[in-house]
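Throughout, a chain's letter reflects where its sequence line sits, starting with A, and its residues are numbered from 1. Only heavy atoms go into these numbers, but all of them, side chains included; no hydrogens, no water, no symmetry mates.
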Amino acid sequence: MPLIETKNIWKTYTMGSEQVHALSGVTITIEKGEYVAIMGPSGSGKSTLMNLIGCLDTPTQGEYYLNGKQVSTMNDDELAGIRNREIGFVFQTFNLLPRASALHNVELPLIYNGSASADRAAQAESALTKVELADRMHHKPTELSGGQRQRVAIARALVNNPSLLLADEPTGNLDSKTSIEIMRLIDDLHKQGNTIIIVTHERDIATRAHRVLSILDGQIASDELTPEDRRAVG
Amino acid sequence: MIAPVLLKIAVEALWANQLRSGLTLLGVVIGVTSVMTIISALEGMMGAIEEDLAVLGPTTFIVTKAGGVITSHEQWMEMMKRKPIDQKSVDLVSEGCELCERTCARVDGSARLKRGNNTMRRVFIGGSTFNLVDIADMEVAQGRFHSYEDDLYRRRVIFIGDLVREELFGDTDPIGKTLRLNGTKYTVCGVAKKRGTMFGESQDDFAIIPYGTHIKQFGAPGRRGIRMMIKAVSLERLEDAMDEVRMILRAQRHVPYDKPDDFTMLTADNILEALNSLTRIFRMGLIGISSISLVVGGIVVMNIMMVSVTERTREIGIRKAIGARQQHIMLQFLFEALVTTLFGGLIGIVLGYFIAEALVGMLDMQISPSTFAMVAGLSISTGIGIIFGLYPAMKAARLDPIKALSYE
Ligand SMILES: Nc1ncnc2c1ncn2[C@@H]1O[C@H](COP(=O)(O)OP(=O)(O)OP(=O)(O)O)[C@@H](O)[C@H]1O
Ligand SMILES: [Mg+2]
C-alpha cells in the first residue's frame, strides 16, 4: 500500500465568473521512505498540491488516499486529526508563535493530541535536540536567527513522529549558507527513515532528493528518479 | 485533558495583552458594579419596609423622617434634606397627643452577634423604649421585654428573635445567658415568639436592646433620626390620632400651612401598598439594569474579542495547521472571554459591596450588600462572556487554515 495515492485530483478556484484550475488532474503515487522534490515555475500549483497532500485543503474533484484512508471526503475536524498525527509541515515563513518559546512552539502539536504535560516537555526537548537547538529552547522566535527558526519549525513538524514530512520552500527565506545547513538536516531526517516531500525552485536543492516531480500549469510535466551518482550532497 | 491547557493558553494571551484585557474588564466591571449597587439599595429599601410591616399592628403607625416608596431623584433629595425626628418630637407627642395610647421611640442598627463559636453577622439591632412590646405586633415567648429601668439605666440587656435564639443557643435556655454584640457583653432578657417568614425571608433574625443602651452602643441617631411608633387609642380614632401627631410635628418643625409635611407617616396599609409598588419597581429595575449592563458589557466583550480574533488570524492558522480542532480554538477564545468576564464580575461584586456599604453610612435606610445581587452579578457577567464570546470564538474556530496562514 503506497503512503500517498492521488487519483486525478483537481483544485478549482472560482474568481467571480472565471474559473482558475490550480491543479488539473494530478495522479501520483509516493511510497513510504521516499524523498521527493516538487519543482515548477511560480503559479504552477506546487503549494496547492502540497496543501492537499498535507490535508490543509481538500480537492475539488478526485480522490486522495493517505495510508490507504480516503481523506478527500473528510470534514474539518477529521482533517485536523490527520494533520496532527500523520503530517509534519514546514513552511517558508516558519509560522511560529512569536510570543511563545521554542519549546512551547514545538510542544503545540502534542497539546492537541492530549499528551500529558510532562510527556510534552520531554518529547519537545528531544525533538529540539535532534535539530541541535536544545540550548536555545527557552528563546523566543524573535531571539533566534532565520536558520534557527526553521530548525524549531522542523522540530515541531517531527515531534509527533508523523508518517510524512512536508516542506514548502523551506529555504526560501534563508541565505545560501543557512540553506545548506537546513538541507543537510532534511537529508539526515530522510536517512533516519522519514518520508519527505519538498517544494523548491532551485535545481541543486531538488537534486538532493531521489525523485523530482515537475509541475506545469497544474499538471505533472515529468516524474524522474535522480540517478544515485547525480544526487547533490554536501 | 486538553481544556486545562487551553485555559492556560487563554490566560497567557490575556496577560500578554494587558491593555486590551483591562479595557474589556472595565466594561464588565462597570456593568456588574451598577447591578450590585442598585439591587442592594432596592433590597435594603424593601428590607426596611418589611421590618416595619412585621411589627405593626392595625392601630399602630410609624413616623419617620423619610420612608415609603421613593420613585424619583427629586423626592429622594427632598427627603434627604429633611430634619431628623429628634427626642423633642418624641416628648412632644407623648405629652401632647390625646388620642395616642402609647408612643415609642426606635432606632435601627446592625451588628455581629456572637456566642462561643456561633456568630451571626449583620443582625438587625433595634433600639426601643420599653413600651414597644405593647405597641408592636410582637409577643414574648420566654423571659421578658426590657423594662423602664433597663432603658433609664441603659442596661446591657437584649431581647432576641427566635432565629437568633436558635442559631446562638440551640436547645439550651437562653434567659440570663450572655452573648456578645460587636464584642460587648449583653444579657438575654427574653425571646420573641416565632414570626415565621414573609416574602421568603425570616422575620426572626433580629434583636432589640433598650433605647438608651442603643444610643450608648451605636451613638446618637444623628441625621437618620428616630422612628416613632405610635399606637392609637382605637382603630376608629386612628386617622384622628395621626392628624393630632401631624399638627404637633408641623408646629415643632415650623412647617408653613401651605407646605406639605416634611416627615412621613405610615400605617400597615400604606406599607403594604408601598411594598407592592416597590416589588414592581424592583422587578422592572432589575430587568432594565441587567439588560443595559448586559448589552454594554457584551458589546465591549464582543468588539474586543473580534479585534483579538482578527489580529491573531495567523496564530489561529498555525494552530489549525498543526492539528487543532474547531472545538479547541473555540474553547481557547471562549475561555478568554469567560476569564475576563468572570474576573470583571468578581471585581464588580467587590466594588458594589463597598459602594453598598458606603451607602449604608450615608442614607437613611438599612442597606445590606445582598447575596442575591452577588449571584445576579456573577451570572450576568458569565452570561455576557458566553453569549458575546461565542460568536467571535466560533468565527475563529471556523477559519480556513490556508487563508488564515496567508493573512497579513
Ligand atoms: N485561494 C485562491 N484563490 C484563487 N486562486 C488561487 C488561490 N490559491 C492559489 N490560487 C491560484 O492557483 C495557482 C497555483 O498557486 P500555487 O500557490 O499553488 O502556486 P505555486 O506553484 O506554489 O507558486 P509559487 O512558486 O509562487 O509559490 C495560481 O495561479 C494561484 O493564483
Ligand atoms: Mg508556493
| Proximity of residues 319-339 of chain B to chain A, residues having a non-hydrogen atom under 4.5 angstrom | R319(B), K320(B), A321(B), I322(B), G323(B), A324(B), R325(B), Q326(B), Q327(B), H328(B), Q332(B)
| field | Trace of the side chain to side chain contact (heavy atoms under 4.5 Å, CB included) decision for R312(B) with L97(A) | value | CA-CA 10 Å; R312(B) 285 153 66 190; L97(A) 296 183; over 6 Å; no
More than 12 heavy atoms of other groups within 6.0 Å of [X] [atom1]:
{"X": "F343(B)", "atom1": "CZ", "result": "no"}
{"X": "N113(A)", "atom1": "CG", "result": "yes"}
{"X": "Q19(A)", "atom1": "CD", "result": "yes"}
{"X": "R99(A)", "atom1": "CZ", "result": "no"}

| task | Would you indicate whether the side-chain heavy atoms of E315(B) and P98(A) approach each other to under 4.5 Å? | result | no
| Side chain proximity check, L6(B) to Y112(A), heavy atoms < 4.5 angstrom | yes
| message | Please evaluate residues T93(A) and L405(B) with respect to the criterion side chain to side chain contact (heavy atoms under 4.5 Å, CB included), reporting the C-alpha separation (whole Å), side-chain torsions for both, the decisive distance (0.1 Å), and the verdict. | response | CA-CA 10 Å; T93(A) 50; L405(B) 279 175; over 6 Å; no
| field | I87(A), part contacting chain B, at a heavy-atom distance under 4.5 Å | value | neither
| query | Any residues in residues 48-81 of chain A near chain B, with a heavy-atom distance under 4.5 Å, and which are they? | reply | N51(A), L56(A), D57(A), D76(A), D77(A), A80(A), G81(A)
| said: Within this structure, what is the CD1-CZ distance for the pair I318(B) and F89(A), rounded to the nearest 0.5 Å? | reply: 13.0 Å
